[in-house]
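Working notes for the structure below.
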Number of protein chains: 2
Amino acid sequence: MERGRSALGPALELVHTGRAPTRAVLTSELGVTRATAGAVAAELEALGLITVDSRPTASAGSQGRPSHRLFVNERGPVVLAAQIHADGYRVALVGLGGRIVATSPGCGTIPEDPAHVLADAVAAGSELLRETGRRCLGAGLAVPSAVAEPDGEALNPLHLAWPSGAPVRELFLRALTDAGIPGVTEAIGFTGNDVNLMALAEHRHGAGRGARDLLCVASGHRGVGGALVLDGRLHSGSSGLALEVGHLTVNPEGAPCHCGSRGCLDIEADPLAFLGAAGREPGPEVSLLQQAADLLRHEYADPGVRAAADLLIDRLGLGIAGLVNILNPDRIILGGLHRALLEADPERLRAVVADRSLWGRSGGVPILPCSLDHNSLVGAAELAWQPVLDDPLVVLER
Amino acid sequence: MERGRSALGPALELVHTGRAPTRAVLTSELGVTRATAGAVAAELEALGLITVDSRPTASAGSQGRPSHRLFVNERGPVVLAAQIHADGYRVALVGLGGRIVATSPGCGTIPEDPAHVLADAVAAGSELLRETGRRCLGAGLAVPSAVAEPDGEALNPLHLAWPSGAPVRELFLRALTDAGIPGVTEAIGFTGNDVNLMALAEHRHGAGRGARDLLCVASGHRGVGGALVLDGRLHSGSSGLALEVGHLTVNPEGAPCHCGSRGCLDIEADPLAFLGAAGREPGPEVSLLQQAADLLRHEYADPGVRAAADLLIDRLGLGIAGLVNILNPDRIILGGLHRALLEADPERLRAVVADRSLWGRSGGVPILPCSLDHNSLVGAAELAWQPVLDDPLVVLER
DNA sequence: TGGCTTTGTGCCGACGCTAAACAAAATACG
DNA sequence: CGTATTTTGTTTAGCGTCGGCACAAAGCCA
């Protein structure tokens, strides 16, 4: 069994997530000797994944010999990341460290045929690769629906005109092979739900860094999505359908939901619910999320808007409290409308969650807004980087 | 860093959980060569943890040289396991493989002082060790309440007269050191919630064997508990308080609960709720669980009892469906009253769960009754065995 | 009886790591 | 200003684990 240096993967992950700025901390984080850390860093540099800056660093004040600094190689290989959302798709090349190297303007509408969309997106990515001349090590795709394992089918993509059960992973893989992207000979494409990938990205590079059990909740256009990262790995359940949090009951007297219950989070705490509670008509010109966020930011002084925000915060808090009781995460990150609600009145949400979660008195869970631009896109890239993080020697084969 | 043979732990775990009956399957399960598997088995035998039967086995029908068979050493070391429950405590010695080697009659009542109870229980265990002459490698304790990390305090032990926040782990450790159990010099005692430990035991030795994401739900006397085993490890959350499933809403028009909501699983699907729905008065002579289980088994023909069972199954199903939407487990195991409800009408429960879980159509999650006697006790032993499973060489130090 | 198949074992080498000594680059202190 | 101290990086030797291989053992099948 030809297996590479086993500390190689953890070491790359530390540099990738910014937790190993020098060889010295690499040594302590990995729990190995300086000799090993040095050899590992040298090998990662030889693979073209990281760079070492051995110039006399502008001294951090501590005594002793200053460390050489480790960086992700900014001119190194990239992965192709694509995100499908209700307003169109977006394509980017993402390097190690979650840095977006190049983006394509993408497209503003989503045709009904998933195969076409994915082929177009991959073509845009291929063009980016040609322009930049970067080496490509894999590809990841974020879609705004549940992705069922083991086949990678998009279930119930409500916001798109796609058929439920569309085999998006297979279509993505086919688009990749058809495009013949250099380096990705045997197509290596991964697909995930956008909120899951947001969670992954925030855990690696954003507000979730360092959390052990990270819960994310986000609302895009319609409905509410959730995601959980445990010990650095996405928990997507046995068939990829975990964290379908939209049908927690948050308002026993609420409106009936298509799921058969009533007062579900999905219909009580999404942008449409917010606009409704504020007495606004959803206009067709911009997205529901955009309208709701604008309302929160610009008209929060309006008592009606304020009351609607309070109402949604209370419902959201109830849902999050339920999740806290079940999952007991050590950090919570909110995205989309929920991020805007949190920022509008952080204390109210934290109070509701603490009050309604069983052991809320004992400290309370930190609740933070997401902190990355394009986090789902970066998360899709994380998916593609994962094999390299697991065993950096695979770059030799691509 | 003096570290033992790294395949040693996984190998012992395979034998321990009954998944490696021979060296041949050990080879394939570990993904190592026959040479390594042989060496590992020899070392485990030398440590006194397993035994190898090299007699010509009564040929399993397949051709080729028959394998020698691997067993857990039935005369090997044990761990001390104790369980506190509303009706008293129980103490046992448990060997590898989850086999109960000896039990103490225990005690039928629980005094108000946890320190006394734990000292008594440890004394009983100490007596068992003296009688059997076994070597003891650790100790585990199961308590009927949440156990908060990192300090191991029993929160809100409703069924006991103990104060909330009692430092049970510390008290257990002190009892162990005071008892001076031979072998356990520096006290190695672990404490966990009983439903969590039931899940652990069922996953290793019972109906949960082979599951990757295992969800357990059980109701003892009052309230409902949950537990989750992910990738073979208990998920108890960042502070040990995960899977507090009792306050999922399962009856929006239900009675108000002390948590501030109404219709919680805790008060809608426990033995008291069942007796109430069946129009029976809870008698003081036996436990609530016993009364409810007897009613289900012996008077299920009674229409009132049947209707009460249906009602509770529907509520329980609603709660389980909510958990399925959030956790997406690949197997579910029920204990206590819920086990009895499942056995009374398996199809009804499965139908409710499939109907109310979002993706229930696609197959449905297997729901099974628990299959071990004294599973919380065995789970407490698993906790104590864990260090040995992680690195079998620790037995040399004890 | 002689293949065939599968399992167990002994030997050797590859390789990833530790340990220990040494070298280098900064600060601290006289 | 020079030496001691601290921390980091590198070199070398050596150990332990595991893979690869050859061979032996123990059953089926013809």
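Convention: sequence-line order gives letters A, B, ...; per-chain numbering from 1. Because only heavy atoms are used, hydrogens play no part in the values below, and waters and symmetry mates are left out as well, while side chains stay in.
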*Sequence neighbours left out, what passes side-chain hydrogen bond (donor to acceptor under 3.5 Å, both in side chains) with B:Thr17? Give chain and number order.*
B:Arg19
_B:Leu8 CG to D:dT17 P, straight-line distance once rounded to whole Å_ = 9 Å
*Between C:dT7 atom P and B:Leu70 atom CG, what is the distance in whole Å?*
13 Å
*Could you give all pairs that pass the side chain to side chain donor-acceptor pair (under 3.5 Å) test and reach residues 228-238 of chain B, with sequence neighbours left out?*
B:Arg233-B:Asp390
_Results of side-chain contact (heavy atoms from CB on, under 4.5 Å) for B:Ala35 - residues two or more places apart only_ = B:Thr33
*May I have the distance from A:Asp53 (atom CG) to D:dT8 (atom C1'), rounded to whole angstrom?*
15 Å
*Could you give the CZ-to-P distance, from B:Arg23 to D:dG27, as a whole number of Å?*
15 Å
*Is any side-chain nitrogen or oxygen of A:Ser67 closer than 4.0 Å to OP1 or OP2 of D:dT7?*
no
_Any A:Ser6 side-chain nitrogen or oxygen under 4.0 Å from OP1 or OP2 of C:dC17_ = yes
*Nearest-nucleotide comparison on DNA chain D, the residue closer to the 5′ end among A:Thr27 and B:Val40*: A:Thr27
*Quickly work out the A:Leu30 CG to D:dG9 P distance and round it to whole Å.*
13 Å
*Partners of A:His374 by ring pair (Phe, Tyr, Trp, His ring centres under 6.0 Å), sequence neighbours excluded?*
none
_Length of the CZ-P vector between A:Arg34 and D:dT12, whole Å_ = 17 Å
*Atom CZ of A:Arg69 and atom C1' of C:dA25: how far apart are they, to the nearest Å?*
16 Å
*asked:* From C-beta outward on A:Thr33, which listed nucleotide comes closest to its side chain: C:dG8, C:dT18, D:dT10?
replied: C:dT18
_Less than 4.0 angstrom between a side-chain N/O of A:Thr36 and OP1 or OP2 of C:dT18, yes or no?_
yes
Would you tabulate the nitrogen or oxygen pairs shorter than 3.5 Å linking the protein to nucleotides 3-6 of chain C?
from, atom 1, to, atom 2, distance (Å)
C:dT6, O2, B:Arg65, N, 2.9

*asked:* Under a 3.5 Å distance rule, please check whether B:Asn73 uses its side chain to pair with a backbone N or O of B:Gly48 as donor and acceptor.
replied: yes
_Looking at A:Ser371 and A:Ala207, would you say the former's side chain and the latter's main chain have a donor-acceptor pair under 3.5 Å?_
yes
*Which whole-number value in Å describes the distance from B:Leu26 CG to D:dC18 C1'?*
14 Å
_salt bridge (Lys or Arg N to Asp or Glu O under 4.0 Å): pairs with one or both residues in residues 21-47 of chain B, sequence neighbours excluded_ = B:Arg5-B:Glu43
*Choose from C:dA19, C:dG8, D:dG19 the nucleotide whose nearest atom is closest to any side-chain atom of A:Ala35.*
C:dA19
